[in-house]
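The next block holds one structure in the form of structure tokens; read it before the comments.
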Amino acid sequence: MVEVQHLTKRYGSFTAVDDLSFQVERGEILGFLGPNGAGKTTTMRILTGYQPASEGSARIGGFDVFEQPIEAKRRTGYLPETPPLYPEMTVFEYLHFVARINDVAPGNRTSQIGAAMERTNITDMTDRYCGKLSKGYRQRVGLAQALLHNPEVLILDEPTAGLDPRQIIETRRLITELAGDHTIILSTHILPEVSQTCQRVVIINRGKVVAVDSPDNLTARLQGSQSLYLKIDTNGVDPVPTLQGIPGVVNVSSADYREGLSGFQVELAPNSDVRREVARTVVTNGWGLLELRAQQMSLEDIFLQLTTEEEPEHEDVPQPGASSPAGYEKPTEERIDG
Amino acid sequence: MGNILALVQKEVRGYFVSPIAYVLLVFFTLLFGWFYIASLNLMLQLSGGNFGMGGPQVVNVNEFMIRPLFGNTAVILLFLLPMLTMRSYAEEKRSGTIELLLTSPLSDFQIIMGKFLGALALYTLMLALTGIHIAMLFQYGEPEWGPILTGYLGLILMGSSFISIGLAISSMTKNQIVAGVATFAVLLLFWIINWIGDASGSTAQSVLAYLSILEHFDDFSKGVIDTKHLTYYLSFIGLGLFLTAKSMDTARWNG
């Protein structure tokens, strides 16, 4: 549905997008993830025909966005970073204008506007002036504008920015619903959003693709090394030497100490799952096993690993948290201990 | 075509929900009315002031009233029309709504025509209001139709030239004040461009005189449609719209 090949955009000597290639299949939701200034917005602007690329090509529904811009734009709905609203128009007037410039047939306008307003939950704002809307409503009117003409491809630049938590959940649900009929590309800097809504993630940094995969695969791929969290009751005995004696265990460090119980961080060699061995060791030593769980790398870890200076792809053993910038705290699993 | 109409309606609406349309209409009719009375007084002096020469004389209303009035109108427009175009692109660039237009299935030509015709529509309304004054002349005198119609044609052409240059300048900035001031300065320059011609050689003088934007208007108010002037205004409009298109293209590349 969307094909991007060797896309490059230069501003003078600055390269905003560098040889970017990816594809999005029909009905898929692609998440575009990257730090600020990575080239997300530039890429989206090229795809929507707002800007031309310096090199490379982009196709939407088979139409080249440079060669046949009108055909490509007809198939695209776009929500820019700031919703492009005319403050002096009411929501209905605005959507009506959008319907007209998108060649929605006169007979279908009212029904399609109504459908878009219902989907984005803004029917109670019909006669409100766009300039008087709250940030959340502005964002939703922007979204209604993008999907009004039933485009095959929806390009959403940070669709949940500025929304309150409930609206964020609603918007994500809406995006997931839309995915069946539409192909969606969305950019975000909110990482959980990607793992919740997207089937595939493109992580870009400094205009280059650093990873393309599903959120699960990305997590799995970078999980060459795992670590375990272990909470045991040893009755005062120091378990570290014993634990380090288990084959496959690289390092054991004390993680926390609460209510007289020690938690340990057990780092494992790549692709070794020694949870059984660890459990057996604990039991044979007569200690109380209170908690044992594998610590997953969150998307945050992956994101930081991929976008930090150290080029972690070349490291044999990416260590969770180890290559994170200073001050960055290890994310903890959202589980209740004990 | 339907798209252009949608854009024109959006533009005209934009003028009327902001104070711009009202400010322009009020001050334009006020100033026009003022010049109207001034020209009327002048004409009455000319016709009625010389009783010693054998009573009131018949004075040509077109020559002594309407022609100077149209000439003055051209000067008012020089001051007012930059206000009409200054926000057209600048405001859309500032607020980001230009992104909506440029990513919708619209060609640059359609966007430019929408803005141009939108401004032209309001300008035509401004001129239409002056029809009331002219109608009163028909009530009390016998002016000729011809020079009045050609005069209006001249005003439309000249105003369109102002609008096209205003659009081009507005498309180059995000700041509508900058756009307005720069448009006014450029138009003023095209008005006085032949003033320095006097001291220089005759060729330079004739070139500068040809470029002067008001120079070409006088014949229209005399009732003459000269293709020379027609060509001048149409080229001027074409140039302005061409520059607007180029500027949109440049903005797109530099984004």
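Letters A, B, ... are given to chains in the order of the sequence lines, protein chains preceding strands, and every chain is numbered from 1.
Contact annotation for A:Ala53: only backbone heavy atoms (N, CA, C, O) come within less than 4.5 Å of a heavy atom of chain B. Proximity to chain A is absent for every atom of B:Glu91, based on heavy atoms less than 4.5 angstrom apart. Heavy atoms closer than 4.5 Å to chain B are found in the backbone of A:Leu85, but not in its side chain. Interface residue A:Tyr86: backbone and side-chain heavy atoms are both found under 4.5 Å from chain B. Heavy atoms closer than 4.5 Å to chain A are found in the side chain of B:Gln9, but not in its backbone. Heavy atoms of A:Val98 lying under 4.5 Å from chain B belong exclusively to its side chain. Looking at A:Glu93, only its side chain comes within 4.5 Å of chain B, counting heavy atoms on both sides. For B:Ile4, no part lies near chain A; criterion is any non-hydrogen pair under 4.5 Å.
The heavy-atom pair separating A:Phe97 from B:Lys10 by the smallest distance is CZ-CD, 3.4 Å. Taking both residues in full, the closest heavy atoms of A:Tyr11 and B:Trp253 are given as CE2-O, 4.4 Å, listed atom of the first, atom of the second, then distance.
The distance from the CG atom of B:Asn3 to the CD1 atom of A:Ile101 is 7.5 Å, given to the nearest 0.5 Å. Taken to the nearest 0.5 Å, the CE atom of A:Met44 stands 12.5 Å off from the OG1 atom of B:Thr103.
Within a 6.0 Å radius of OH in B:Tyr210, other residues, nucleotides and ligands contribute more than 12 heavy atoms. Crowding of A:Phe63 atom CZ: a count of heavy atoms from other residues, nucleotides or ligands under 6.0 Å exceeding 12. Within a 6.0 Å sphere centred on CZ of B:Phe16, heavy atoms belonging to other residues, nucleotides or ligands number more than 12. A:Arg109 CZ: more than 12 foreign heavy atoms inside a 6.0 Å radius. The number of heavy atoms from other shown groups lying within 6.0 Å of CZ (A:Phe66) is above 12. The environment of NZ in B:Lys246 is sparse: at most 12 heavy-atom neighbours from other residues, nucleotides or ligands sit within 6.0 Å.
Contact check for B:Ser18 versus A:Glu88: no side-chain heavy atoms found under the 4.5 Å cut-off.
Within the 3.5 Å criterion, the main-chain N or O of A:Met89 finds no donor-acceptor partner in the side chain of B:Arg13. Checked by atom type and distance alone, the side chain of A:Lys73 pairs as donor or acceptor with a backbone atom of B:Leu102 at under 3.5 Å.
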Under the side chain to side chain contact (heavy atoms under 4.5 Å, CB included) rule, what do B:Leu100 and A:Gln145 come out as? Steps first, then yes or no, please.
-> CA-CA 9 Å; B:Leu100 174 72; A:Gln145 165 272 125; 3.4 Å; yes
Begin from the C-alpha positions of B:Glu99 and A:Thr48 and carry the test side chain to side chain contact (heavy atoms under 4.5 Å, CB included) through to its verdict.
-> CA-CA 9 Å; B:Glu99 214 161 338; A:Thr48 52; 6.0 Å; no
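Ranking B:Ser104, B:Gly96, B:Gly14 against chain A, the residue ahead of the rest is B:Ser104, based on heavy-atom pairs under 4.5 Å.
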